[in-house]
Protein chains: 2
Amino acid sequence: MDWPVVNGSIPARPGVFGTKSGRCGKEIQLSWDNVCRTFQQAYAPSDPGGPSEGIRETVAEVTLKDVALASGCSIATVSRVLAGTRPVGAETARTVREAAERLGYRPNQVARALRSRSTGTVGLVLPQITNPFFPSLVRELEHALHAEGRAVLLADCDDDPVTEAARIGVLLGRRVDALLLIPVDERRSREAVASAAAQVPLVLLDRGCGPGIADSVAVDNAAGMALVLDHLAATGRRRPCFIGAAGTASAAVERRAAYEAGAAALDPAAPGRVELGDFSVEWGRAAVDRVWPSRPDALICANDLIAAGALQRLRQLGADVPGEVAVTGFDDIPLAGLADPALTTVRQPVGELAAEAARLLSRRPSPGEPGPRRTVRLAPQLVVRASSAPAGVPRVADCF
Amino acid sequence: MDWPVVNGSIPARPGVFGTKSGRCGKEIQLSWDNVCRTFQQAYAPSDPGGPSEGIRETVAEVTLKDVALASGCSIATVSRVLAGTRPVGAETARTVREAAERLGYRPNQVARALRSRSTGTVGLVLPQITNPFFPSLVRELEHALHAEGRAVLLADCDDDPVTEAARIGVLLGRRVDALLLIPVDERRSREAVASAAAQVPLVLLDRGCGPGIADSVAVDNAAGMALVLDHLAATGRRRPCFIGAAGTASAAVERRAAYEAGAAALDPAAPGRVELGDFSVEWGRAAVDRVWPSRPDALICANDLIAAGALQRLRQLGADVPGEVAVTGFDDIPLAGLADPALTTVRQPVGELAAEAARLLSRRPSPGEPGPRRTVRLAPQLVVRASSAPAGVPRVADCF
DNA sequence: ATGAAAGCGCTAACAA
DNA sequence: TTGTTAGCGCTTTCAT
């Protein structure tokens with residue numbers, strides 16, 4: 001028998017099976033139940049003329065019921081075998097798995113989510129994926145989460161707190177199990193973040209959002225700055241200047257504070273030499289115009305973009321980097337290794353940040369009883385490249 | 001009345017309402033039904049001692065049923081009002097919307113998806129988010145899709161076809177309505193892509209994957225190359241050399257073919273001057289070592305990364321760009337504007353690519369009857385920067 | 001225009 | 001260990 005003959009009405013012959021080549025091209029056994037569903041779906045909703053050719057190409061989704069029918073046991077048992085939730089007889093398990101394999105069964109995660117009240121989905125909300133620091137972080141997060149069977153719903157906020165709040169709402173409506181969030185703004189994100197944190201486990205990444213709002217994972221900015229200062233001191237720099245970012249963002253505040261705290265070791269006047277703008281290449285260029293006349297021997301930039309701008313402008317001004325002045329960045333974005341001279345910078349432990357964030361998510365099962373907020377700070381690493389080589393040492397081409 | 005007194009058993013008093021301040025801090029009316037669910041959830045599953053303090057902080061999810069109870073009409077009516085699927089009395093509609101608002105109702109997208117067989121979710125599968133061309137594309141896609149109420153499930157394949165196939169499987173299990181896919185490899189991705197395309201609408205982006213597999217959207221590589229060649233010809237370059245990528249990827253093949261077809265206009269021998277490696281900075285550096293001895297006056301690189309490497313090596317060799325030799329890229333990644341000299345390149349119409357991809361997705365409702373595959377090619381734009389300025393013209397600093 | 005009722009595919013009580 | 005029975009929250013016939 002090849003295919004049951006049906007003419008406009010759905011036959012009811014339980015137990016009878018049709019044979020058909022499925023989507024993988026291999027012959028599979030269909031439960032009569034599935035045959036009927038295929039039939040119905042081929043009709044619905046706008047196909048009044050009877051089953052189209054399509055019916056012969058399409059098989060209705062294979063469900064637990066099909067597997068149960070095919071393996072001769074109950075739906076519940078099949079569920080238990082496939083979801084591995086409860087002990088099941090070895091023989092039964094084998095039969096079930098075999099049937100599932102043969103039919104090409106794929107659990108419907110939507111149904112599973114509805115019933116179990118867990119989507120296995122994490123929302124990832126970030127200010128702007130085009131910020132060059134984020135892609136590597138996103139990559140690590142994606143891998144960490146997929147490794148534990150969770151999928152990632154991505155939301156890009158366009159650097160706008162209003163959009164951010166809206167995206168958070170959308171993700172909550174889709175019932176993400178948890179949120180991973182890089183807040184757009186220390187203050188203006190707070191309300192939406194706090195409200196979300198009350199509903200699902202939420203971990204703040206990279207940037208803070210006020211105290212006590214949610215768990216957070218970030219690099220130890222102070223330690224990073226200390227690495228830079230130590231390095232510059234060791235290579236004989238004595239007139240450093242900090243080019244940072246204004247505002248309340250944690251990276252901006254902490255890096256500046258660490259500079260001010262540590263720079264006195266190089267020069268008593270150093271902590272006062274601070275210029276604040278934003279985290280952009282343009283600001284890096286502009287800042288050089290402001291500080292270069294006073295001939296600092298090191299420009300400590302709050303991130304790599306600022307440093308890239310600074311390098312660019314210094315070259316235009318004919319300054320010798322690192323001969324006359326060293327330049328350092330923060331983050332170690334891909335651009336850093338490509339700049340000329342290659343940029344000395346502080347590498348964020350992106351993989352560990354992601355792993356730690358994933359770990360925090362799993363360990364916060366009860367939103368009703370939040371417990372104390374946890375803050376994790378991870379140690380960064382100094383990457384020394386040509387832009388801070390001691391004066392007089394020949395420059396080494398750095399690899400990407 | 002403040003809160004029903006309950007002592008270890010669930011009371012059943014339909015129609016009675018509790019009052020409570022919800023998660024937004026505002027006072028909301030709770031249906032008795034919701035009160036009971038809150039109670040049950042506070043117990044379950046591992047809370048034998050009775051309702052914890054948590055019960056006073058948490059409100060069970062507000063459902064259609066609550067809204068129906070509160071507005072005095074049936075669940076079906078509420079659904080129709082809120083989903084806007086069918087005409088509903090103006091007065092009823094108002095009452096319902098008001099109740100929904102008051103209770104802070106948020107439709108459960110999971111339940112909706114299960115019932116309506118549409119998750120409103122699109123899978124975005126890409127080779128590596130860290131490839132600097134992708135973030136801006138991802139950004140545009142995210143915005144285009146969110147604008148039509150769809151959410152994005154992100155999958156990063158680590159440039160591995162096996163991972164790619166696995167990710168596609170995961171997304172299909174999560175019942176994405178459609179897939180947006182940048183294939184890892186022209187050939188090795190084909191099987192998984194074809195199989196996926198048979199199950200859901202699928203649009204290939206940026207790269208092809210063999211003919212007839214799926215709809216696709218990409219930049220017109222030939223047109224882009226033509227723009228470059230015209231520009232170089234117009235600025236007097238006569239000894240161009242192409243630095244491209246080997247392999248079957250569409251970008252590699254098409255850009256090279258376009259060069260070979262168009263370069264003869266500059267120099268009859270030009271089409272033969274082709275070096276092939278991969279799309280990396282390292283290859284750009286290496287390629288310069290191979291071609292520089294023959295003193296070309298233009299290096300036409302197949303993408304910006306190659307061009308960045310070429311610029312770097314040329315500077316190390318002391319070559320004058322653009323005086324002695326012009327360098328061009330392709331894609332216009334952020335790095336291009338930051339290179340020194342800033343890189344002349346071909347900008348991909350990222351926003352339009354995203355819009356077009358989203359459009360194709362919506363217009364493919366029946367996977368049963370695929371119809372002919374559609375291929376969309378979008379026109380790129382030449383961005384002239386310092387790296388190809390005519391020899392002798394003073395260099396202009398380019399902004400980021 | 002509205003309501004009652006039947007599921008979507010699955011998991012989780014509760015029995016047996 | 002296994003089966004039976006209820007739903008998860010929603011949309012969608014089918015009546016009214």
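We name chains A, B, ... by the order of the sequence lines, and we start the count at 1 in each one.
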Contacts of [X] that satisfy salt bridge (charged side-chain N to carboxylate O under 4.0 Å, His left out) - sequence neighbours left out:
X	result
B/R115	none
A/E191	none
B/E164	none

How bent is the helix from C/dA1-D/dT16 to C/dA16-D/dT1, comparing axes over its five end pairs at each side, to the nearest 10°?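 Computed angle between terminal axes is 30°.
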
Nearest-Å distance for atom pair [atom1]/[atom2], residues [X] and [N]:
X	N	atom1	atom2	value
B/R115	D/dC10	CZ	C1'	8 Å
B/L64	D/dC10	CG	C1'	6 Å
B/L172	C/dG9	CG	C1'	17 Å
A/N108	C/dG9	CG	C1'	6 Å
A/E61	C/dG7	CD	P	20 Å
B/K65	D/dT11	NZ	P	16 Å
A/L114	D/dA6	CG	C1'	13 Å
A/R174	D/dG9	CZ	P	18 Å

Applying salt bridge (charged side-chain N to carboxylate O under 4.0 Å, His left out) as the test, list every pair that has at least one member in residues 169-181 of chain B; sequence neighbours left out.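 Counting only pairs at least two positions apart or across chains, the salt bridge (charged side-chain N to carboxylate O under 4.0 Å, His left out) contacts touching residues 169-181 of chain B are A/E61-B/R175.
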
Of the residues in residues 76-86 of chain A, which ones touch DNA chain D at a heavy-atom distance under 4.0 Å?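 Nucleic-acid contacts, sorted: A/A76, A/T77, A/R80.
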
Can you tell me which nucleotide in [options] comes closest to the side chain of [X]?
X	options	value
B/R112	D/dT12, C/dA12, D/dC10	D/dC10
B/T92	C/dC8, C/dC10, C/dT2	C/dT2
B/P107	D/dT11, C/dG9, D/dC10	D/dC10

Taking only residues two or more places apart in sequence or in another chain, which ones pass side chain to side chain donor-acceptor pair (under 3.5 Å) with [X]?
X	value
B/R94	B/E91, B/E98
A/T163	A/D160
A/H146	A/E142

Straight-line distance of B/T121 OG1 to B/L145 CG, nearest 0.5 Å: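 Rounded to the nearest 0.5 Å, the OG1-CG separation comes to 10.0 Å.
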
Heavy-atom nearest nucleotide on DNA chain D for B/Y105 versus A/V88: which residue maps closer to 5'?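 The answer here is A/V88.
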
Under the side chain to side chain contact (heavy atoms under 4.5 Å, CB included) rule, what do A/T63 and A/N108 come out as? Steps first, then yes or no, please. CA-CA 8 Å; A/T63 73; A/N108 183 327; over 6 Å; no

A/Q109 or B/C73: which one's nearest nucleotide on DNA chain C is closer to the 5' end?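 Looking at DNA chain C, the more 5' nearest nucleotide goes with B/C73.
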
Establish, with yes or no, whether the OP1 or OP2 oxygen of D/dG3 is under 4.0 angstrom from a side-chain nitrogen or oxygen of A/S74.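 Yes, A/S74 has a side-chain N/O under 4.0 Å of OP1/OP2 on D/dG3.
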
